Amino acid sequence: MRPLRLFRLPARLVPALLAALLLLPLQPVSGAETWISLFNGKDLTGWTPKIRGYELGDNFANTFRVQDGVLSVNYDGYTQFDNKFGHLFYQQPFSNYVLRLEYRFIGNQVPGGAGWALRNSGVMIHGQDPRTMRKDQDFPVSIEVQLLGGDGQHPRTTGNLCTPGTHVVMEGQLITRHCTDSRSKTFHGEQWVTAEIEAHGSGKIIHRINGEVVLDYEHPQLDPGDADARRLIKDGVTLLGGGTISLQSESHSVQFRNIQIRELEK
């Protein structure tokens, strides 16, 4: 058999070939995850604040701000909290997705904050449009993925569930209590924690903390007994198939970073 002769490209043609290859469109890798950043690390583009007692878009005392590449909730402009519960809404609603972010609590609680609000914040999902909120409404009608930090001594789970104006179903039972604890570990100090929320429209919702499933439930729905939720019920339909996403300010400084979403097929 005659030996195989390898073709050698003249050296003068190599640069032109490389340039042509760089111009070829990249093909997506089959099965690759597509994550979209909701926070640009520079400013609040795409996000709108709604603070109790203030009009939509009024960022009272610069509560929500970007510092050193992280989205911070700060209270250096407050003398008292005075129940100024706030929420920072992303501009677009979502239905089927995985939302992932990192958070940590820093500093001290502002004077006037409730004891239960110490090292307490949350991510509100399947929420109402902030334009439909009352000026003095504490929380949007939504499903809250409650984020808590430890006090340095006692166990305190995070990735819990709270339900302002809503109910959910767990193991076939309608859950009407306001909050349900998760199975997470306790995170003391100012360490960064990763929270992940997997939402399947009006079906299953899963909470993960640092990659571990800590809570799951299904059929998020409006509570007909809640006045704010009742205003949102149309034609008797109470199931929530999606809604707004917002980050909470509840009197303790908290920071968020790497806020990303990956939409899922229905």
Side-chain angles (χ1 to χ4, degrees), residues 38-39 41 61-88 98-125 138-139 142-164 168 170 175 177-199 205-217 245-261:
L38 302 186
F39 169 54
N62 201 22
T63 301
F64 299 100
R65 68 186 77 162
V66 179
Q67 295 177 306
D68 300 323
V70 301
L71 199 163
S72 293
V73 177
N74 289 59
Y75 298 99
D76 50 9
Y78 290 60
T79 54
Q80 287 282 323
F81 184 60
D82 291 331
N83 293 325
K84 293 185 179 71
F85 298 105
H87 297 82
L88 186 67
V98 178
L99 176 69
R100 183 173 65 195
L101 57 79
E102 295 174 79
Y103 73 91
R104 70 171 180 176
F105 294 95
I106 60 172
N108 299 312
Q109 188 179 24
V110 67
W116 54 262
L118 177 75
R119 295 171 63 79
N120 187 337
S121 185
V123 181
M124 323 300 277
I125 66 169
D138 289 341
F139 310 102
S142 57
I143 298 295
E144 177 185 351
V145 181
Q146 186 187 50
L147 306 177
L148 299 177
D151 62 5
Q153 298 180 9
H154 305 96
R156 197 181 192 209
T157 58
T158 187
N160 303 324
L161 166 70
C162 292
T163 51
V168 301
M170 290 184 180
I175 305 300
R177 60 179 174 268
H178 181 54
C179 289
T180 301
D181 288 346
S182 77
R183 305 181 294 273
S184 85
K185 302 173 183 176
T186 300
F187 297 91
H188 300 292
E190 298 187 353
Q191 60 183 304
W192 287 100
V193 180
T194 299
E196 188 175 281
I197 305 151
E198 181 177 335
I205 297 176
I206 302 168
H207 299 186
R208 295 184 180 90
I209 297 296
N210 285 353
E212 297 182 1
V213 174
V214 297
L215 190 66
D216 63 86
Y217 48 91
I245 291 172
S246 59
L247 307 176
Q248 202 171 51
S249 62
E250 283 194 307
S251 75
H252 201 118
S253 293
V254 60
Q255 295 181 327
F256 300 94
R257 70 182 184 186
N258 296 326
I259 307 171
Q260 300 176 311
I261 197 164

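Quick note: residue numbers are just sequence positions, from 1. What you are looking at is a predicted structure, and each value in this text was computed from that prediction instead of being measured.
Looking at K185 and N210, their side chains never come closer than 4.5 Å, going by heavy atoms from C-beta outward. Side-chain atoms of Q146 and N120, non-hydrogen and from C-beta on, do get closer than 4.5 Å to each other. Side-chain contact check for I197 versus L101: every heavy-atom pair is 4.5 Å or farther apart. For the pair V123/L247, a side-chain contact is recorded, criterion being any heavy-atom separation below 4.5 Å from C-beta on. Side-chain contact check for T63 versus V73: some heavy-atom pair is nearer than 4.5 Å. In this structure, V193 and F105 have side chains that are not in contact, with every pair of non-hydrogen atoms separated by 4.5 Å or more. Between C179 and E144 the shortest side-chain heavy-atom distance does not fall below 4.5 Å.
The CH2 atom of W116 lies 7.0 Å from the OG atom of S251; values are rounded to the nearest 0.5 Å. Rounding to the nearest 0.5 Å places CD of Q67 at 8.0 Å from CG of N62. Taking CZ of R257 as the reference point, atom CD of E102 lies at 4.5 Å (rounded to 0.5 Å). Residue D181 holds its CG atom at 4.0 Å from OG1 of T157, rounded to the nearest 0.5 Å.
Partners of R100 under the side-chain contact (heavy atoms from CB on, under 4.5 Å) rule, at least two apart in sequence or in another chain, are W35, T194, E196, Q260. For the ring pair (Phe, Tyr, Trp, His ring centres under 6.0 Å) test, no residue two or more places apart in sequence or in another chain qualifies with F187. In this structure Y78 satisfies the ring pair (Phe, Tyr, Trp, His ring centres under 6.0 Å) test together with F60, Y75, sequence neighbours excluded. Shown here are the side-chain contact (heavy atoms from CB on, under 4.5 Å) partners of Q153, two or more places apart in sequence or in another chain: D151. Residues passing the side chain to side chain donor-acceptor pair (under 3.5 Å) test with T163, sequence neighbours excluded: none. Residues that satisfy the side-chain contact (heavy atoms from CB on, under 4.5 Å) test with L215, not counting sequence neighbours, are L161, M170, T180, S182, H207, Y217.
For D216 (side chain) and V213 (main-chain N/O), no donor-acceptor pair under 3.5 Å exists by modelled atom type. Side-chain atoms of T186 come within 3.5 Å of backbone N or O of R156 as a donor-acceptor pair. Distance alone, capped at 3.5 Å, places no donor-acceptor pair between the Q80 side chain and the V110 backbone. R119 places a side-chain N or O within 3.5 Å of a backbone atom of G189 that can act as its donor or acceptor partner. Under the 3.5 Å distance criterion, the side-chain polar atoms of S249 are matched with a main-chain donor or acceptor of G86. In this structure, the side chain of S246 does not engage the main chain of H87 through any donor-acceptor pair within 3.5 Å.
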- Query: Would D76 and R65 satisfy salt bridge (charged side-chain N to carboxylate O under 4.0 Å, His left out), going step by step from the backbone distance to the final call?
  - Reply: CA-CA 12 Å; D76 50 9; R65 68 186 77 162; 2.7 Å; yes
- Starting from the C-alpha separation in whole Å, work towards a yes-or-no answer on side chain to side chain contact (heavy atoms under 4.5 Å, CB included) for L99 and I245. CA-CA 9 Å; L99 176 69; I245 291 172; 4.0 Å; yes
- Task: Assess whether side chain to side chain contact (heavy atoms under 4.5 Å, CB included) is satisfied between Q191 and R104, documenting all intermediate values.
- Result: CA-CA 6 Å; Q191 60 183 304; R104 70 171 180 176; over 6 Å; no
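Closest approach of L147 to A195, counting heavy atoms only: CD2-CB, 4.1 Å. Minimum heavy-atom separation, S184 to I209: CB-CG1, 4.4 Å.
The residues D138 and K84 are annotated as not salt-bridged, no charged nitrogen and carboxylate oxygen being separated by less than 4.0 angstrom.
You'll find the ring centres of F39 and F256 outside the 6.0 Å limit.
Residues S121 and E250 bring no donor and acceptor atom of their side chains to less than 3.5 Å of each other. Checking S72 against Q255 by side-chain atom types alone, a donor-acceptor pair falls below 3.5 Å.
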